[in-house]
Amino acid sequence: MHGFIGEFMGTFTLIALGVGTGAEVNLKRTEGCHSNWNFITFTWGLAFAFAIYVAGSFGSEAHLNPAVTIAFALYNKLPANDVLPYLAGQFLGAFCGAAAAAIHYWQHFKATKTKEDGNVVGIFATGPAIYSPINNLMNEIFDTFILVFVLLNLGKFTVGLQPLIIGLMVMMIGNSLGGTTGFSMNPARDLMPRLAYTILPIPNKTDANWGYAWIASVGPMIGAIIAVGAHKLIHQFL
């Protein structure tokens, strides 16, 4: 239960703050309307840092990401019996975090009438700046490879300043590589907020762009698995 509760509360915190950032930037009549990319990457990075502290306080390893959990399990870095509780916590926490952010900004969704005004699924989920499925997939694979490869060199995620270091890394990836696809790097971060946008009666919502969703989930899974495998292989030769 520690793993489930920690991953649920950590991912809930991450997505509530992250989707809240998207709403703050895009919706009409918010105090932060039309803020820039640096604001987005900065707040997402801090959201990761604070979410890791939350998850760690409840006893999980603070993966907050099914790609990390599955890749770690495949290479025996996570006990097999922790996988399902971690995944359940991540997916449920992401959905509930997105729903909480939607409720928080409900009046602003009502005030933002059209896609052109900013009422878009991008508040909740990622999308490409230039739609090119193969390139978009490769972007997500590489972004997540960098994320997980660095994570593997940080030790225990929840100790001391490690969460803040991870937050800075997320900001760095966002600013250096993330502008192509919105740097999902996390199936739960994309799928469950997209699902929340789809099924909740959010005012004036537009298309959820499910045709792109597989890229934002499959890419991170591949990138994480390659990163753990490469890290293990390199250390075998050292």
Side-chain angles (χ1 to χ4, degrees), residues 8-51 54 64-65 90-131 136 139-140 143 167 170-171 173-175 177-213 215-217 220:
F8 176 89
M9 293 307 304
T11 311
F12 174 89
T13 302
L14 169 65
I15 300 302
L17 294 175
V19 172
T21 294
E24 184 71 23
V25 169
N26 286 279
L27 297 178
K28 282 191 169 182
R29 298 172 66 181
T30 68
E31 298 295 341
C33 183
H34 305 307
S35 297
N36 62 26
W37 183 247
N38 288 329
F39 172 81
I40 295 170
T41 60
F42 177 74
T43 51
W44 267 102
L46 288 181
F48 266 97
F50 298 145
V54 169
L64 313 179
N65 185 340
Q90 291 156 7
F91 282 110
L92 289 173
F95 183 89
C96 292
I103 293 168
H104 186 83
Y105 278 96
W106 204 264
Q107 294 302 317
H108 296 274
F109 280 104
K110 291 172 67 175
T112 310
K113 300 296 184 183
T114 67
K115 179 178 181 179
E116 288 69 27
D117 290 336
N119 194 335
V120 292
V121 70
I123 293 170
F124 290 80
T126 61
I130 298 174
Y131 182 69
N136 301 151
N139 293 153
E140 282 295 337
D143 290 354
V170 170
M171 285 184 245
I173 292 172
N175 280 328
L177 303 171
T180 56
T181 60
F183 67 118
S184 166
M185 305 189 298
N186 183 337
R189 174 264 176 275
D190 191 272
L191 282 178
M192 301 315 287
R194 198 183 298 270
L195 180 63
Y197 186 76
T198 301
I199 67 176
L200 296 177
I202 295 169
N204 305 311
K205 65 182 176 181
T206 53
D207 180 61
N209 193 19
W210 278 100
Y212 178 78
I215 293 172
S217 296

Shortest non-hydrogen separation from [X] to [Y] and the atoms involved:
X	Y	value
Ile123	Ala23	CG2-N, 3.4 Å
His108	Arg29	CE1-O, 3.0 Å
Ala101	Ala16	CB-O, 3.8 Å
Ala47	Leu17	CB-CB, 3.8 Å
Ser217	Pro220	O-CD, 3.4 Å
Ala94	Ile15	O-CG2, 3.4 Å

Worksheet entry | Residues Phe109, Lys205; criterion side chain to side chain contact (heavy atoms under 4.5 Å, CB included); working and verdict | CA-CA 8 Å; Phe109 280 104; Lys205 65 182 176 181; over 6 Å; no
Fill in: Residue Phe95 excluded, over 12 heavy atoms near CZ under 6.0 Å
yes
Worksheet item: Relative to each other, are the rings of Phe12 and Phe8 parallel, tilted or perpendicular (30° and 60° limits)?
Response: parallel
Discussion item. Would you call the rings of Tyr197 and Phe124 parallel, tilted or perpendicular, taking 30° and 60° as the class edges?
Written reply: tilted
Once you round to the nearest 0.5 Å, how far does [atom1] of [X] lie from [atom2] of [Y]?
X	Y	atom1	atom2	answer
Ile173	Thr41	CD1	OG1	11.5 Å
Leu195	Asp190	CG	CG	11.0 Å
Met192	Thr198	CE	OG1	10.5 Å
Glu140	Asn186	CD	CG	10.0 Å

Worksheet item: Does the side chain to side chain contact (heavy atoms under 4.5 Å, CB included) test come out yes or no for Asn209 and Arg194, once each step is laid out?
Response: CA-CA 8 Å; Asn209 193 19; Arg194 198 183 298 270; 3.9 Å; yes
Tell me whether [X] contacts the main-chain N or O of [Y] through its side chain, where contact means a donor paired with an acceptor under 3.5 Å.
X	Y	result
Asp143	Phe183	no
Asn204	Thr114	no
Thr30	Glu24	yes
Trp37	Gly174	yes
Asn65	Met185	yes
Thr21	Ile40	no
Ser184	Ala125	no

[X] vs [Y] side-chain heavy atoms within contact, under 4.5 Å:
X	Y	answer
Leu14	Trp44	yes
Arg189	Thr126	yes
Asn26	Thr112	no
Ile130	Thr180	no
Thr181	Ile215	no

